[in-house]
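Here is the structure we will look at.
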There are 2 protein chains.
Amino acid sequence: MAVKIKDVAQRAGVSVTSVSRVLNGEKYVSEDILQRVQKAIEELQYSPSHIARSLKRQKTDLIGVIVPDLTSNFYSTILSSIEETATYYGYNLLVCNIAEDLEKELKYLNIFREMRVDGIIIMHEKSSPELLSFIQNSGIPILYSSVKSPDPDFVSVIIDDYQAAFQTVEYLVSLGHSRIAYIGGDMRDITSGQYRYEGFRAGLLRHGITPNEAWIRFGDYKIPSGREQMSELLQLSEWPTVVFAASDDMAVGALNCMLDQGLDVPKEMSLIGFDGSIIAEVVRPALTSMQQPIREMGKVSLETLHEMIMRPGKAVRKDLILSHQLVERESCLPLSTNKTN
Amino acid sequence: MAVKIKDVAQRAGVSVTSVSRVLNGEKYVSEDILQRVQKAIEELQYSPSHIARSLKRQKTDLIGVIVPDLTSNFYSTILSSIEETATYYGYNLLVCNIAEDLEKELKYLNIFREMRVDGIIIMHEKSSPELLSFIQNSGIPILYSSVKSPDPDFVSVIIDDYQAAFQTVEYLVSLGHSRIAYIGGDMRDITSGQYRYEGFRAGLLRHGITPNEAWIRFGDYKIPSGREQMSELLQLSEWPTVVFAASDDMAVGALNCMLDQGLDVPKEMSLIGFDGSIIAEVVRPALTSMQQPIREMGKVSLETLHEMIMRPGKAVRKDLILSHQLVERESCLPLSTNKTN
């Protein structure tokens, strides 16, 4: 028979009201009653919900994680790194895939709150007034990982997406390219959408290259959207000599489209990705890519959140900017070795 | 100020004990008290935990999902299909990545129980006495997806892995191959480990081919293990004419190793995968693969679990076997067109 609140009260020799007060974490409970109730709860293995188990130290060891898209190679890699670090610190992760649905995100955040998670990692930066209000008022340590927090008072673990995209263009220009196409991300995203795009544009302008708007397209970071955007690019009468995709998955989609249409990559057209996920290594030609330190990003995110949980009063630096790095593989050649087209 | 249990009692005009009995879901609470407490809870927006919110219909709309490895293309695809279907039925998913750790699995299952999830989907079939005891005694609807339940009384949504592997070998033999290597999965796994391996072996024997034990190797389904096993295969003095990998990710790892060593795939050596995940389409040569209906598997799993939740008394068929299908792409050629080696 299941143990009830009154059994706990009886065993502890206190009233049901006292047990409720302990369960609710109320402040004005005497140490004596607190200890008797906790002892009774343990002896009876009373567990009506997560509350009982966690009241001993007001910690549930749960961390809620919001992911925009589990099918992305980027997110599955960063998640596995967060998971490893969480295990090291004794946390359990609850991962919620919102599939870019803001209402779902709010629903999951409320579930996290009701579950009294110790902290929340959000990897999605599109926002709404309701979301903003939640993160500002929840009282739960919240950290943004791989994306910029919509509220500057919250910690973000990110790279400098603007600089990374700018330097990608510098690299392409150093190879002799000036006919540079761009397949960008969702412009509602601050870092992976806007910053990368702005960095790309600034890189062109720095070198006196007028952006060709027909060569600037946007996808949703996933493989099929890269393929679609590339297919439309190839229907234009004028072609770029290199395509810069704002995610490796989109670059792989674009690569597929190019190879399907019989293009020799990189001899006829070069291609460069962004992320440094494992898919960049396994396609042929292997993808040259501006690499984010994905696994380090996951580790630093969890460690920083852990610090926020353990020392609530201590200030944590607002933005933790990790370093990006260009990784040259096979998909990008100097222009002189490209055939003219 | 946070609403406390006594505020609810006051508003409802009942004792704290009555509120506790309602919160605990006890049976012998009068309909009048139940309604007054529920009304008070709603009016005061009392929410000490998930319990309060869910007591109205004893349903939390939460489904816990256990995944062995989030970095696998197979699991991220099936998860996104489960997620889509869950959204349709109004469920929220809590995904827990156990990274093949049985103790972690038990920990997460206990968390699911404390959170009173409506149901659980497990995609991991290695087991222990503690795990078996949990699933047999939890009282929560549990379904195994893409793997076989360790207890035959539980529902599994699977393909016939033995037949699928057997037919893969039949296909290779029909192409003239008899020198067939195998990179298998973890033999502690029933379906993806043992059944596929046994189907492979039976396929060889059916055609009078004696298995070459040096060509039979095992990985962990992931890309790097396919690369490692292939590298060891290529160090043998005698080579197979085709390699059959028990996951697409391992096949892609093997493909990388072959291409890195300058092998012409499929002209010098053919390769066939298993799963039909998106990575099979994006590598070159595109991977011929024995395809599982991954998205359908996710959909059927969630729908069946929903049925188990809604109609607890109704029998559900024990195993739901979905159909596999060979998808021919570029990585596998008839032997006559292979160079001799």
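- Contact count versus chain B (heavy atoms, under 4.5 Å) is highest, among A/Asp101, A/Leu259, A/Thr77, for A/Leu259.
- Here the shortest heavy-atom pairing between A/Arg11 and A/Ala40 reads CG-CB, 3.6 Å.
- Per-residue counts of heavy-atom pairs under 4.5 Å with chain A were compared for B/Ile279, B/Asn97, B/Val16; the largest is that of B/Asn97.
- For A/Ile278, the part lying near chain B is the side chain, with the backbone staying farther off; criterion is any non-hydrogen pair under 4.5 Å.
- Using a 4.5 Å cut-off between heavy atoms, A/Ile223 contacts chain B through its side chain alone, with no backbone atom that close.
- In this structure, B/Ser76 and A/Thr71 approach most closely via the heavy-atom pair O-CG2, 3.6 Å.
- To the nearest 0.5 Å, the span separating SG on B/Cys96 from CG on A/Leu93 amounts to 7.5 Å.
- Nearest heavy atom pair, residue A/Thr288 against residue A/Arg329, reads OG1-N, 2.8 Å.
- Scanning both residues, B/Ser270 and B/Met258, for their nearest heavy atoms gives O-CE, 4.1 Å.
- Closest heavy-atom contact between B/Pro266 and B/Glu330: CG-O, 3.2 Å.
- The part of A/Arg227 that comes within reach of chain B is its side chain, from C-beta onward, which places non-hydrogen atoms under 4.5 angstrom from that chain.
- In B/Tyr88, the OH atom is not crowded: 12 or fewer heavy atoms of neighbouring residues, nucleotides or ligands sit closer than 6.0 Å.
- With a 4.5 Å cut-off on non-hydrogen atoms, A/Glu84 does not touch chain B at all.
- Of the listed residues (A/Asn256, A/Asn73, A/Val283), the one with the most heavy-atom contacts under 4.5 Å to chain B is A/Asn256.
- Proximity to chain B (any heavy atom under 4.5 Å) is restricted, for A/Leu79, to the side chain, taken from C-beta onward.
- With a 4.5 angstrom heavy-atom cutoff, A/Val282 touches chain B via backbone and side-chain atoms both.
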